[in-house]
Amino acid sequence: MTLLKLDESELGPWTVLHVTGELDVMTSPEVRQRVHDAVAAGRHEIVLDLSQVFFCDSSGVGVLIAARRLLHSCHGRFRLILPARGAEAGSHVNRVLAALGVRRLFEVYPDVPSAVDDEAQPLSA
């Protein structure tokens with residue numbers, strides 16, 4: 001059984017990393033590496049699509065915070081897509097981010113089209 005599937009696509013200046021499965025101590029290093037690889041390749045606008053993530057632990061949250069910090073340090077942009085109902089308490093990832101008090105750190109969008117649209121507004125925390 002695969003705990004993580006990671007696909008990458010590009011939409012204009014945005015690199016979209018589509019994460020499926022669990023974002024935990026076993027899988028988060030792969031996500032961290034893919035973000036670092038994208039930045040090293042000069043791509044400084046990254047969307048992490050977590051709409052298919054059904055579990056996230058503190059190591060996964062650590063990867064999200066580190067990615068945000070990395071993109072901020074190179075004057076890039078970092079956006080998240082949370083699972084369906086991401087702005088509501090129903091999303092596991094959203095609940096974890098809220099419980100740890102870090103949800104407000106992220107620009108969260110409901111889907112890829114809005115995340116890559118500079119006119120779209122993020123969902124409220």
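In this chain, residues are counted from 1 in sequence order.
Within 6.0 Å of NE2 in H36 there are more than 12 heavy atoms belonging to other residues, nucleotides or ligands.
Taking each heavy atom of P13 and E45 in turn, the nearest pair found is CB-OE1, 2.7 Å. Nearest heavy-atom pair, E22 versus D24, reported as atom, atom and distance to 0.1 Å: OE1-OD2, 3.1 Å. Heavy-atom minimum distance, F78 versus E107: O-CB, 4.2 Å. In terms of heavy atoms, R79 sits closest to A115 at NH1-O, 2.5 Å. Minimum interatomic distance between L97 and L82 (heavy atoms only, all atoms of both residues): CD1-CD2, 4.4 Å.
Each of V47, L50, L48 was evaluated against L17; a single residue qualifies, L48, per the side chain to side chain contact (heavy atoms under 4.5 Å, CB included) test.
Between R77 and D118 there is a salt bridge, since a side-chain N of the basic residue sits under 4.0 Å from a carboxylate O of the acidic one.
Atoms OG and CG, on S51 and L80 in that order, are 11.5 Å from each other to the nearest 0.5 Å. Rounding to the nearest 0.5 angstrom, the gap separating the CG atom in N94 from the CZ atom in F106 is 11.0 Å. F54 CZ to L23 CG: the interatomic distance, rounded to the nearest 0.5 Å, is 11.0 Å. Taking CZ of R103 as the reference point, atom CG of L123 lies at 6.5 Å (rounded to 0.5 Å). Once rounded to the nearest 0.5 Å, the distance linking CD of E30 with CG of L3 reads 10.5 Å.
Side-chain contact annotation: S114 with D117, donor-acceptor N/O pair under 3.5 Å absent.
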Checklist line | Pair D7-T20, side-chain contact (heavy atoms from CB on, under 4.5 Å): steps then yes or no | finding: CA-CA 9 Å; D7 296 309; T20 302; 5.5 Å; no

Check: Does the side-chain contact (heavy atoms from CB on, under 4.5 Å) test come out yes or no for L11 and V16, once each step is laid out?
Finding: CA-CA 7 Å; L11 293 169; V16 182; 4.2 Å; yes

Note to self: Show, in sequence, the C-alpha distance, side-chain angles and deciding distance for L71 and V35, and conclude whether the side-chain contact (heavy atoms from CB on, under 4.5 Å) test is met.
What the structure shows: CA-CA 9 Å; L71 270 298; V35 170; 4.2 Å; yes

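For residues 49-75, no pair satisfies salt bridge (Lys or Arg N to Asp or Glu O under 4.0 Å), with sequence neighbours left out.
Take R43 and apply the side-chain contact (heavy atoms from CB on, under 4.5 Å) test, not counting sequence neighbours, and it matches E8, E10, T15, A38, A41. Residues meeting the side-chain contact (heavy atoms from CB on, under 4.5 Å) test with P29, sequence neighbours left out: none.
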